[in-house]
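Just so it is clear: chains get the letters A, B, ... in the order the sequence lines come, proteins before strands, and each one is counted from 1.
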Amino acid sequence: MLQVAFIRENKETVIKGLEKRNLSNANELVSKTIAADEDRRAIQTELDAVLAESNKLSKDIGMLFKSGERQKAELLKEKTVQLKEQSKVLTDNLQNKANELQELLYIIPNIPNKIVPNGKGEDDNLTVFEEGEIPTLHEGALPHWELAKKYDIIDFELGNKITGAGFPVYKGKGARLQRALINYFLDKNTAAGYDEVQVPHLVNEASGIATGQLPDKEGQMYHDAQDNLFLIPTAEVPVTNIFRDVILKEDEFPICKTAYTPCFRREAGSYGAHVRGLNRLHQFDKVEIVRVEHPSKSYEALDGMAEHVKGILQELKMPYRILRLCGGDLGFTASLTYDFELFSTAQDRWLEVSSVSNFENFQANRLKLRFKNSNGKSELAHTLNGSSLALPRVLAGLLENCQTPEGIKIPEVLVPYCGFDIIN
RNA sequence: GGAGAAUUGGCAGAGUGGUCGAAUGCGGCAGUCUUGAAAACUGUUGAGGGUCACACCUCCGGGGGUUCGAAUCCCUCAUUCUCCGCCA
């Protein structure tokens, strides 16, 4: 959520930013917001004056009662009736206006960074880096879902029976490989200074609002209506919410957290051939990194996170590329995002395995995550997060890229974690 | 799941209807003293809105109510603790 004061003072910048996201009604949206804010403040001022008057009268009444001047007190009491009426009306107006403003603020996405390329969708993303050799597969190489079946390491049908589509069962070496990847990622992250946390997999409404999943994207989350809790779509939600309503000291920066969690996504409306196998699931594992930074350091931190993810993909010896997302493809809360895509050779396509973003103070504003700056004033912090990494697609790429006629050769760094070097 | 108690500023803890945004202690910050530090002393020290700055307004777990007036009374929800039940 953008700060109202920021919108008020940077109207043109905000409109331009929203237009970069191809919002057709940017001007209207911003103008409405500024108008609502003005109205809200006008009503607030009016209400404050009435309340001040009413507070003063109440104090006087108290004094009169104390000094035994009942009659005078009763007279004053009558005067308060009218003020009460007024304040009630004004409070209602204020509430309505505040709600109207809040709703507008909720639907305004973050302003893209200057270097975000223009564009409508994924075709307009900018490839900023590419590395790794695409392996030449042997005759009869298979896509990962066939390999999963061949070696009996992932059972999609069994998942269908137990739960439904998109909930695979990992078996034997498949399960072990998955666990190895999780441990490997966590170890890499902690070695880089990220503090490991284990967090709840269900979150309340306030948490969902603070990180921006609610109120508008609730259809993407599984919801337990009985307790009004949501299954997390990413560890970003519980981990970032550690810092909700927190005021940090400046010397606490940088804050670096990592967490492994399963992620649950309804993925409503995305079915078809491209979601086959592990490409898109309702439940998947992910290791996440989250940072809270001083505003002046957040882009440096973003680069650091990207370098870190790069390091992992290099060690796995996977062919990958890094994209800078264009305005049209940028997530609601992000100012700048780098997507990491791993090449899945047997499918001949790129798979997104990580997304690293700087949210600047957009999330912090909803979180009320602040720090005391050098002037002793409260200022919003910057939040960032990234995947390091999303498991299923790494697994998919690994199975496909590392397949040989003898079996699937486990990348060297993973062997100590797996306890085997080939799946056959 | 049942019964009872509690929830106050960074922490501890007073405050049961009127001048309480809230005593006191600790902690933090600044100053005096000191070569420096400690101790002692003095001052200061919550958040948000609003204003050029003041004034002023809101917030004592969340929400609602009673009252001219609520941290204080009532309702409700959440959380914590104790006892009982159940349980990995």
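Atom CG in A:D60 sits about 16 Å away from atom P in B:G18, given to the nearest Å. A:F65 places its CZ atom 16 Å from the C1' atom of B:U19, with the value rounded to the nearest Å. Atom-to-atom, CD of A:Q44 to P of B:U51 comes out at 10 Å; the value is rounded to the nearest Å. Atom CG in A:N55 sits roughly 10 Å away from atom P in B:C56 (whole-Å rounding). Put simply, CG on A:D227 is 13 Å from C1' on B:C77, counting in whole angstrom units. To the nearest angstrom, P of B:U51 lies 11 Å from CD of A:E38. Counting to the nearest Å, the C1' atom of B:G63 and the CG atom of A:N228 are 15 Å from each other. Atom NZ in A:K56 sits roughly 17 Å away from atom P in B:A55 (whole-Å rounding).
Looking at A:N113 and A:S335, their side chains never bring a donor and an acceptor atom within 3.5 Å of each other.
Of all heavy-atom pairs spanning A:R266 and A:M221, the tightest one is CD-O, 3.2 Å.
Counting heavy-atom neighbours within 6.0 Å of A:Q314 CD, excluding the residue itself, gives a total above 12.
When the side-chain nitrogen and oxygen atoms of A:K77 are compared with OP1 and OP2 of B:G69, none of them lie within a distance under 4.0 Å. In this model, the phosphate group of B:A47 is not approached by any side-chain N or O of A:R370 to a distance below 4.0 Å at OP1 or OP2. Contact annotation: A:S378 reaches the phosphate of B:G48 (side-chain N/O to OP1 or OP2, under 4.0 Å).
Within the shown strands, nothing qualifies as a pairing partner of B:G21 under the Watson-Crick or G-U definition with both distances less than 3.5 Å. The pairing partner recorded for B:U35 is none, the criterion being a Watson-Crick or G-U wobble arrangement whose two distances lie under 3.5 angstrom. Summarising the base pairing, B:A53 is matched to no nucleotide, lacking a Watson-Crick or G-U wobble pair whose two defining distances lie under 3.5 Å. Base pairing of B:G43 is made with B:C29, judged by Watson-Crick or G-U wobble geometry with both donor-acceptor distances under 3.5 Å. Checking B:A6 for Watson-Crick or G-U wobble geometry (two distances, each under 3.5 Å) identifies B:U79 as its partner. With a cut-off of 3.5 Å on both pairing distances, the Watson-Crick or G-U wobble partner of B:C73 is B:G65.
Using C1' as the reference atom, B:U32 and B:A38 are 15 Å apart when rounded to the nearest Å. B:G10 and B:G28 are spaced 15 Å apart, taking the P atom of each and rounding to whole Å. Of the C1' atoms belonging to B:C33 and B:U16, the separation is 46 Å, rounded to the nearest Å. Rounded to whole Å, the separation between the C1' atoms of B:G25 and B:U34 comes to 27 Å. For the C1' atom pair drawn from B:U45 and B:G21, the interatomic distance equals 14 Å after rounding to whole Å. Between B:G15 and B:G9, the distance separating the two C1' atoms is 14 Å to the nearest Å. Taking the C1' atoms as reference points, B:C56 lies 35 Å from B:A6, given to the whole Å. Going from the C1' atom of B:A12 to that of B:A22 covers 16 Å, rounded to whole Å.
A cation-pi arrangement is present between A:K173 and A:F420, with the terminal nitrogen or guanidinium carbon under 6.0 Å from the aromatic centre and inside a 45° cone about the axis.
With distances taken from any side-chain atom of A:R8 to the nucleotides B:C68, B:G49, B:G50, the minimum falls on B:G50. Ranking B:C68, B:G50, B:U19 by closeness to the A:R41 side chain, first place goes to B:G50. You'll find that the side chain of A:K372 is closest to B:A47, out of B:C56, B:U19, B:A47.
Position along RNA chain B of the nearest nucleotide to A:I61 versus A:A49 favours A:A49 as the more 5'-ward residue. Both A:M63 and A:L57 lie close to RNA chain B; mapped to their nearest nucleotides by heavy-atom distance, the more 5′-ward contact belongs to A:M63.
A:E315 CD to A:L414 CG: the interatomic distance, rounded to the nearest 0.5 Å, is 9.0 Å. Atom CG in A:N183 sits 10.5 Å away from atom CZ in A:F185 (nearest 0.5 Å).
A:S58 comes within contact range of at least one nucleobase, with a heavy-atom separation under 4.0 Å. Among the protein residues, A:L51 comes within range of the sugar-phosphate backbone only, with heavy atoms under 4.0 Å from sugar or phosphate atoms but none that close to a base.
Below 30°, between 30° and 60°, or above 60°: for A:Y184 and A:Y417 the angle between ring planes is above 60°, a perpendicular geometry.
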